[in-house]
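Letters A, B, ... are given to chains in the order of the sequence lines, protein chains preceding strands, and every chain is numbered from 1.
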Amino acid sequence: MDDKYFPKKVEQKWQRRWAETRAFEAEVDSEKPKFYALEMLPYPSGNLHMGHVRNYSAGDALAWYKRLKGFNVLHPFGWDSFGQPAEDAAIKRGVNPREWTEDNITAMRGQMERMGFSYDWRRQMFAHRPEYYRWDQWFFLKMYEMGLAYKRMTQVNWCSHDQATLSNEQASGGLCWRCGNPVTKKDLEQWFLKTTAYTEQLLEGLTEIEAGWPASVIKRQRDWMGRSEGAFVDFEVKATDDSLFYCPIVDGLTSSSAVGRGRIRVFTTRIDTIYGANAIVLAAEHPVIQANLDNFPEAVSEKIALIRVENTKPTDHEVEIEKDGIDTGLSAINPFSGEELPIWVGNYVMMEYGTGAVMSVPGHDERDLEFALKFGLSVKSVIEPAEREGGGKPRFQTANSAAFTEYGVLVNSGEWSGMPSIEAKREMAAYAESRRFGLAATTYRLRDWGISRQRFWGAPIPIVYCDACGVVPERPENLPIGLPENIPITGTGESPLANIPEFVQTRCPKCEGPAKRETDTMDTFVDSSWYFFRYTDPANTTLPFDPETAAYWTPVDQYIGGDDHAVMHLIYARFWTKVMRDMGLVSFAEPFRRLLTQGMVVGETFFDDATGKKVYEMPANVTVTRDAKGKITTAVSADGRPLKHAIERMSKSKGNGVDPDEMVDIYGADAARLFTLFAAPIENELVWNEAGIEGAVRFLQRVWRLVLKWESTIGMTPLEAGAPIISGARDLRRKTHQTIKRVQDDFEELQFNTPVAALMELSNAIADLDVDPVMATPDQIVAVREALSALILMLTPYAPHTAEELYSVIEGHEDGIIKSGGMFPEYNEELARAETIEIAVQVNGKLRSRLVAPPESSNAELEKMAFADEKTREYTEGKEVVKVIAVPGRLVNIVVK
RNA sequence: GCCGGAGUGGCGAAAUUGGUAUACGCACCAGACUCAAAAUCUGGCGGGCUUAACGCCCAUGUCGGUUCGAGUCCGACCUCCGGCACCA
């Protein structure tokens, strides 16, 4: 054993040994319990950053822990290697996207290996390779067959900066998820996957996984599905001239036989307020409006066109959009009251939600009120607060007050007056249904997943257009439909594949006649929707994976990644799994039993106040002052210039990234891993602090020196389970077993930071045993040996290289921990038990004294000791004792008057 | 605006879920070793009062409440962070 700890030497040695011994290769083994540990796959940008390191360090720690606990652990890795950056590089620098991607993967793979993560590299998947994406295409064909894939004209979310279409999830907040620029709308024919067919299942499934997922992610998914219960109500259109106005059946809402010509259907969650309706307001895109554009007076048509154009503009949520609209001149009959209501077009009604038509009730809806006030429409109150506090009459709505949007009691509502809202909602919907002009209904915010991308670097959609046969799916045996090599990529927003005749021109799979290929490729989120199943059977050439093999490994027991995928990847993957279940490939519906979302790694950055230029990436040579809350108020550089301070996500592009390779070079992979897990709870944001990692190295060095000190002594003494317990060694053995329990309990709770503190305490305890090993008694040697052995094994998840090396020193062989049957240390309750414990003595709830007692002391004994205690007597003497509370093992509280 | 989450030393953070607040680490201070420095080791380190010791008082964003006892539970407020955003 070296006198000093040389991380690089140890790390290289064990990385080689692990590869030679195939230490982390796992196979189906029905004798052992399995554990599937999975981290979200990265995009191969070419650079590993500290966020990756944190993510994979946590996953690797868990994988190691489970191995040491005797599980058969599947821990695979792969690359989300389709996508835009490769194409951007091709456009900007003329490189080949495939070569660029492969080079990046090679570079990052090297970085990953230097970190020493325990992956089964044989199972590596690459989204961009035909062996993988042929199965994307295979799934697409299956879904097409099942009626889950379809094509339609739509307004897509369009990012003009990236020249790319985006799904709703990717355009959340009106901003592009990748570049952050505002999203506009564009008309395009697109392929969709019917995620909406699974909305209810996706919602119900959340209750099943709720316990193992972060509450925030569950909540965000629920919000994203946006279930809302209400009713459809059909309003009959009263046109000035019936022959001119056509009122088509609203698409997709034909389930009710009551809908037909001459009616407009609205969706409302507040049918109880229907007597307060003053207008019907339609989206500019509503079919009734679009079908009749030519029939409106010119001024009206122009206004509608204007609103439509405004709707396609980027949305800026900082600024509230002003209500706008126009009276169409049409009117409709309120089926409840018989009242005639004007039909308006309003910019605040969205075609994508509900039916694209609302009944405007300004007395009880903020938006409708705003609209009514702007255009001078009448406002009527039809709901009163149910409880009249103080017995006074409730205040009536006036036109200028805020809308009363809560539930209450109906007024001015004909025969329904006096009924509470909740009851009225149910009864009025039922009434509408019986009269065939409405029905109770549930609508969702979730929409189908648009997967078409006018991009090159993705899996081609395996569809052929034939003049004779129309839209024809490819034959599965023709897969993969490969991407052509060496083609010009322009980035104009059109599908690059459309310009490649060799790709486009093909034969119809049905009639063998000439035909054209679909030139759009799939959203890359398709690749990541099922990759974790491919890991179970990565070489399969007849199916995406063998169902039986997958049945052994899946579902994933623990998934770890960033919460930025809460509503994209994590909804798509759940959807895909449900589809696979319906295809008979898997037998469950939820792919991830437990989910852990780790916080971002951020860096403190300082800018020169005068020039705005970044001057210091790390705060090492910056002097800062902080306010009472610890926030940095001023920062000054070493040469006295004032600096601006910012905390931002670490990345190479921001220039504040700490390069993992550099960390490994200076401190070693083990220290880097240990520090990222110790510095903060895994779900918190981690502010990178260079000094902290030095603490991690120091700790590893201390452990190294401890082993060095005891090496020769304990090497000669076998560890005997039943060794006698004598005096000094007793405390160390107790500490060892208490630590085992703490570390184990915390790992089960996925707490990675607190076990490190426990291990540091144990290490300090061994060092505190101030004995020259040569003079040590046998029981001391046994205790030290046990403590060191446990310490090293428990250190493995954090610092596997160092642990392997030290373990080989103690055990005297070089097989590696896993191959030599190393297990997580056994916890012994008997040894962990304290002989004496400290009991707090409180008088009137204030700590006044402490006493030492046997842990099994009864309440009566504790009380007796407390009253006998001199310090306690000072506070109780001469006072009336009202009450005594004793908590075994903890405290005695004496209440005196 | 609506919905979540969080406020504990100079900093990252612990606290067996109502029972001895500040574990562990970072930074800092002092000492030992050294010609010196680094490294290492030892000690100190929430605030206040007290000449010092013994000790006492106050401290988990603020103000109340429940309780023998509150960082933890309840109510109101303040601040910060995140999510959603005209969803009818």
Looking only at atom [atom1], what distance separates [N] and [M], rounded to whole Å?
N     : M     : atom1 : answer
B/U72 : B/G64 : P     : 15 Å
B/A21 : B/G4  : C1'   : 28 Å
B/U51 : B/U34 : C1'   : 37 Å
B/A59 : B/U20 : C1'   : 16 Å
B/G46 : B/U8  : C1'   : 10 Å
B/C3  : B/U17 : P     : 32 Å
B/G83 : B/G9  : C1'   : 32 Å
B/A23 : B/G18 : P     : 23 Å

Just N and O in the side chain of [X]: are any of them under 4.0 Å from OP1 or OP2 of [N]?
X        : N     : answer
A/Lys219 : B/C2  : no
A/Lys883 : B/C68 : yes
A/Arg698 : B/C26 : yes
A/Asn764 : B/G25 : yes
A/Arg445 : B/C84 : no
A/Tyr348 : B/A85 : no
A/Arg705 : B/C41 : yes
A/Asn753 : B/A14 : yes
A/Ser228 : B/A88 : yes
A/Asn684 : B/G12 : no
A/Arg850 : B/G19 : no

Are the side chain of [X] and the backbone of [Y] linked by a donor-acceptor contact shorter than 3.5 Å?
X        : Y        : value
A/Arg833 : A/Pro855 : no
A/Thr739 : A/Leu759 : no
A/Trp704 : A/Asp2   : yes

Under 4.0 Å between any heavy atoms, over every strand shown, what does [X] touch: base, sugar-phosphate, or nothing? Just pick one.
X        : result
A/Tyr875 : sugar-phosphate
A/Ser216 : nothing
A/Val895 : sugar-phosphate
A/Glu838 : base
A/Lys846 : sugar-phosphate
A/Val349 : base
A/Gly226 : nothing
A/Phe678 : base
A/Arg702 : sugar-phosphate

Across all strands, who's sitting opposite [N] as a Watson-Crick or G-U wobble pair, both distances under 3.5 Å?
N     : result
B/G12 : B/C24
B/U51 : none
B/A76 : B/U62
B/U17 : none
B/G43 : B/C29
B/G1  : B/C84

[X] [atom1] to [N] [atom2]: how many Å, rounded?
X        : N     : atom1 : atom2 : answer
A/Met794 : B/C24 : CE    : P     : 16 Å
A/Lys709 : B/U40 : NZ    : C1'   : 14 Å
A/Leu847 : B/G69 : CG    : P     : 15 Å
A/Gln751 : B/C24 : CD    : C1'   : 14 Å

Ignoring the backbone of [X], work out which of [options] is nearest its side chain.
X        : options             : value
A/Ala840 : B/C68, B/U20, B/A13 : B/U20
A/Met350 : B/G25, B/C86, B/G55 : B/C86
A/Val358 : B/G12, B/G19, B/A88 : B/A88
A/Glu761 : B/G19, B/G25, B/A23 : B/A23
A/Thr269 : B/A13, B/A88, B/C26 : B/A88
A/Arg848 : B/C58, B/C26, B/C56 : B/C56

Practice problem: Begin with the C-alpha distance, continue with both residues' side-chain angles, and end with the deciding distance and a verdict on salt bridge (charged side-chain N to carboxylate O under 4.0 Å, His left out) for A/Lys741 and A/Glu829. | Solution: CA-CA 9 Å; A/Lys741 180 160 170 48; A/Glu829 202 175 348; over 6 Å; no
Quiz item: Nearest nucleotide by nearest heavy atom, which residue falls closer to the 5' end of RNA chain B, A/Glu694 or A/Asp365?
Solution: A/Glu694
Quiz item: Which residue, A/Ala215 or A/Arg220, contacts RNA chain B at a nucleotide closer to its 5' end, judged by nearest heavy atom?
Solution: A/Ala215
Quiz item: Can the ring centres of A/Tyr667 and A/Phe699 be said to be less than 6.0 Å apart?
Solution: no
Quiz item: Is the ring centre of A/Phe437 less than 6.0 Å from the ring centre of A/Phe235?
Solution: no
Quiz item: Are side-chain N/O atoms of A/Tyr444 and A/Thr196 paired as donor and acceptor at under 3.5 Å?
Solution: no
Mind checking whether [X] and [Y] have parallel, tilted or perpendicular rings, split at 30° and 60°?
X        : Y        : answer
A/Phe752 : A/Phe747 : perpendicular
A/Tyr348 : A/Phe371 : tilted
A/His737 : A/Tyr827 : tilted

Quiz item: What is the glycosidic conformation of B/U17: syn, defined as within 90° of 0, or anti?
Solution: syn
Practice problem: Indicate syn or anti for B/G9, taking the glycosidic torsion and treating anything within 90° of 0 as syn. | Solution: syn
Quiz prompt | N/O donor-acceptor pair, side chain A/Arg890 with base B/U16, under 3.5 angstrom | solution = yes
